[in-house]
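The analysis underlying the following values was restricted to heavy atoms, covering all of them including side chains, and did not include hydrogens, waters or symmetry mates.
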Amino acid sequence: MRGGAVTRADPNDKLKAETTYLFRHALLRDAAYQLQLPGDRAKLHEVAFFLLEEMFGGRAPDLPALDSGTEGSHAHPTDEVCLELAEQARQALAAPDVPQPELQGAHRRYLRRAAELAALAYDSEKAAALWLQLAALEERGTRAEALRKAARAQMLCGRSDEAERELEAALALHRECANERLEALTLDGLGTLLRAGGRLGEAEALLKRALDMLARAGHTRDECLVLGNLGAVYHQGGQVDAARRTYENVLARGEAQGSPRSLCMVIANLALLNREAGRADEAARLNERALALAQQAGDERSRGAILSNMAQALADAGNESGAMEQFALAASVLRKIGERRFEGITLGNLAAVQLECGDWKSAERSIEQALAIHREISNRVYEGAALGTLADVCLASGRIEAAEGYYQQSLALHRALGSRRLEGATQGNLAALYLKTGRAGLAAENLQASLKIHRAVGNRRYEALDGARLALAYLALGKIAEARTAWLKATSLPPVKGEQAQLVSAMRAACAKAGVPPFNDSGKEDGAK
């Protein structure tokens with residue numbers, strides 16, 4: 001019917017032209033569909049499934065069983081339409097009282113391929129939904145693995161409560177099936193989730209259990225993965241020596257056993273440890289190595305996070321314009337793949353650099369965006385960090401009362417979550433506010449506490465900063481000898497970029513007010529023998 005609503009398909013088309021019609025109008029098509037009996041509809045979907053499969057290269061090969069521990073290949077022409085194939089198979093299975101094992105297998109096959117392809121494309125929302133659909137069709141071990149993969153996707157979306165529920169269900173199923181390797185990997189996923197929520201003690205216990213199980217089975221590559229996550233628990237909790245040993249253990253094993261994808265973030269985390277210890281050159285070398293591995297693995301998530309770390313190193317070196325360019329690049333990479341957690345962290349770091357440049361309005365916009373992301377995905381550790389940066393912004397813009405409130409909120413979160421490194425930094429910043437507002441005794445008390453934390457976690461950069469602040473507090477209290485000693489210790493450490501000149505100027509003004517000559521870098525008064 002050339003002038004009508006329906007036209008016959010081209011006889012040369014791959015579709016069977018004698019039985020296929022193309023509707024010109026969607027409404028007419030839907031009306032025609034609704035006129036069919038349910039069994040006839042299912043039959044039409046079955047025909048559509050087989051025709052579509054034929055058009056795209058025939059049946060895709062089976063992938064290894066989900067609980068086999070073996071990765072499968074994704075390259076097949078049907079990948080372009082695997083989700084449509086899964087849906088056609090699902091609707092074809094609606095035919096009443098007709099067993100169709102071929103279509104049932106096809107439905108699961110294409111649903112799984114669609115889930116894995118969505119994960120590879122960083123579409124975590126879609127991947128989570130598809131894995132859950134597949135889990136509803138599977139039993140025991142394969143169901144457990146579909147749930148574990150769904151939970152991983154949910155974690156990347158920031159849906160922590162749902163991810164924890166799926167991981168607990170997967171864990172019970174893997175135990176029931178006595179699959180120690182997959183049980184250990186599920187424990188690893190649960191431990192990583194708990195670490196992100198600040199539940200460090202529980203996370204450490206789960207990761208150690210996973211390591212014991214993998215060691216018994218000799219799964220070295222999986223051990224490297226779990227060790228890297230355990231190192232992150234130690235790092236977050238301020239156990240710096242344990243974190244360093246663990247990261248270095250992973251690298252010693254991983255050169256032969258680990259994958260580039262799993263090693264790159266361990267190297268990046270080791271770079272962070274070196275940066276905090278004031279070893280900027282070593283941190284830069286490690287970041288370059290981590291970035292090369294991420295690019296080799298095609299891992300955009302790790303690449304974005306490492307670019308953000310490298311931007312922070314540029315800021316430390318005083319290259320604010322270069323840092324902001326690099327932060328913008330990192331944020332665009334992370335936003336493109338929907339990596340909300342690292343995007344929020346990157347925006348928070350960008351806000352700190354904008355503030356250093358004196359642009360507190362831009363800094364406030366960036367940190368409010370970061371804070372919204374952290375709250376949306378329940379990233380409580382970095383919510384605390386963002387509150388601290390927001391306090392910095394308020395302090396810089398003269399909103400003293402608001403700044404003090406945000407510092408207190410930030411400090412309470414870090415203490416509750418056991419984030420010792422961030423607790424120390426925030427307590428030092430709160431002390432600086434006390435010093436600025438004439439509360440020198442309270443400032444000194446808080447600085448003594450922050451310095452204790454910095455020394456315990458090996459944060460030498462902030463030990464230098466708060467040591468100099470303590471000298472200023474002592475000067476304000478008239479404790480000249482204690483001030484001189486504190487200044488000597490502080491100036492023997494690598495300074496925090498951007499703070500040194502301000503601190504020297506503040507020290508000179510405080511010495512003048514106290515009626516003593518200013519200190520030099522040795523801690524003596526200028527001109528002293």
Side-chain angles (χ1 to χ4, degrees), residues 151-152 154-156 158-165 167-168 171 184-214 222-250 262 265-266 268-273 275-277 305 309 341-342 344-345 348 374-375 377-388 409-428 449-450 452-459 462:
R152 173 168 172 73
Q154 288 166 335
M155 286 167 64
L156 294 171
R159 303 209 305 266
S160 303
D161 291 344
E162 294 170 51
E164 186 172 355
R165 183 183 66 234
L167 284 168
E168 292 284 7
L171 192 59
L185 290 180
T186 307
L187 287 169
D188 173 71
L190 191 53
T192 301
L193 176 67
L194 297 183
R195 176 185 69 81
R199 294 154 65 182
L200 300 184
E202 295 173 75
E204 182 178 349
L206 290 175
L207 292 170
K208 285 181 174 177
R209 278 172 55 197
L211 279 172
D212 288 343
M213 296 174 76
L214 293 169
D222 294 330
E223 281 186 81
C224 286
L225 171 68
V226 180
L227 274 170
N229 291 329
L230 181 61
V233 170
Y234 291 143
H235 191 172
Q236 186 171 317
Q239 300 179 62
V240 178
D241 291 340
R244 183 178 295 279
R245 285 194 304 270
T246 305
Y247 290 148
E248 288 174 348
N249 185 5
V250 174
S262 64
M265 284 310 295
V266 170
N269 287 338
L270 189 57
L272 278 177
L273 274 181
R275 172 179 169 261
E276 290 160 10
N309 290 347
R341 179 174 181 273
F342 279 122
I345 294 169
H374 297 321
R375 286 172 171 163
I377 66 173
S378 301
N379 189 350
R380 298 184 72 217
V381 172
Y382 278 93
E383 179 185 348
L387 285 167
Q409 289 179 47
S410 174
L411 194 56
L413 257 179
H414 294 319
R415 284 174 175 161
L417 299 172
S419 302
R420 296 280 285 163
R421 181 177 58 85
L422 292 170
E423 179 190 347
T426 303
Q427 190 160 18
S450 69
K452 186 176 180 180
I453 294 173
H454 297 327
R455 288 166 187 149
V457 304
N459 195 342
Y462 276 85

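To the nearest 0.5 Å, atoms CG (L187) and OG1 (T192) are separated by 10.5 Å. L190 contributes atom CG, which lies 12.5 Å from atom CG of L185 (distance to the nearest 0.5 angstrom). Taken from CE in M155 to CZ in R341, the straight-line distance is 9.0 Å, to the nearest 0.5 Å. The line from CG of N269 to OG1 of T246 is 11.5 Å long, rounded to the nearest 0.5 Å. To the nearest 0.5 Å, atom NE2 of residue H374 and atom CD of residue E383 are 8.5 Å apart. Atom CG of L417 is separated from atom OH of Y382 by 12.0 Å, given to the nearest 0.5 angstrom.
The minimum heavy-atom distance linking A210 with A184 is given by the pair CB-O, 3.4 Å. Closest approach of G424 to S450, counting heavy atoms only: O-CB, 3.4 Å. Nearest heavy atom pair, residue I377 against residue S160, reads O-OG, 3.8 Å. Between G237 and L200, the shortest heavy-atom distance links the atoms CA-CD1, 3.6 Å. Across all their heavy atoms, S410 and L387 have their closest contact at CB-CB, 3.9 Å. Listed here is the closest heavy atom pair of A203 and G191: CB-O, 3.2 Å.
With a 4.5 Å cut-off on side-chain heavy atoms, R275 and N309 do not count as touching. No side-chain heavy atom of V250 sits under 4.5 Å from any side-chain heavy atom of Y247. With contacts defined as side-chain heavy-atom distances shorter than 4.5 Å, the pair Q409/L413 does not qualify.
Within 6.0 Å of CZ on R380 lie no more than 12 heavy atoms contributed by other residues, nucleotides or ligands. Residue R152 qualifies as open at atom CZ: its count of foreign heavy atoms under 6.0 Å is 12 or below.
Aromatic ring orientation, Y462 versus H454: tilted (interplanar angle from 30° to 60°).
The salt bridge (Lys or Arg N to Asp or Glu O under 4.0 Å) contacts involving residues 412-425 comprise E276-R421, R415-E423, R420-E423, where partners must be two or more places apart or lie in separate chains. The salt bridge (Lys or Arg N to Asp or Glu O under 4.0 Å) contacts involving residues 187-205 comprise E164-R199, R199-E202, E204-K208, where partners must be two or more places apart or lie in separate chains.
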* Can you list the steps and then say if D161 with R165 is a side chain to side chain contact (heavy atoms under 4.5 Å, CB included)? -> CA-CA 6 Å; D161 291 344; R165 183 183 66 234; over 6 Å; no
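Exactly one residue among L206, N249, L211, L225 makes a side-chain contact (heavy atoms from CB on, under 4.5 Å) with L230. That residue is L211.
Taking the side chain to side chain donor-acceptor pair (under 3.5 Å) definition, one finds that R209 meets it with nothing, sequence neighbours left out.
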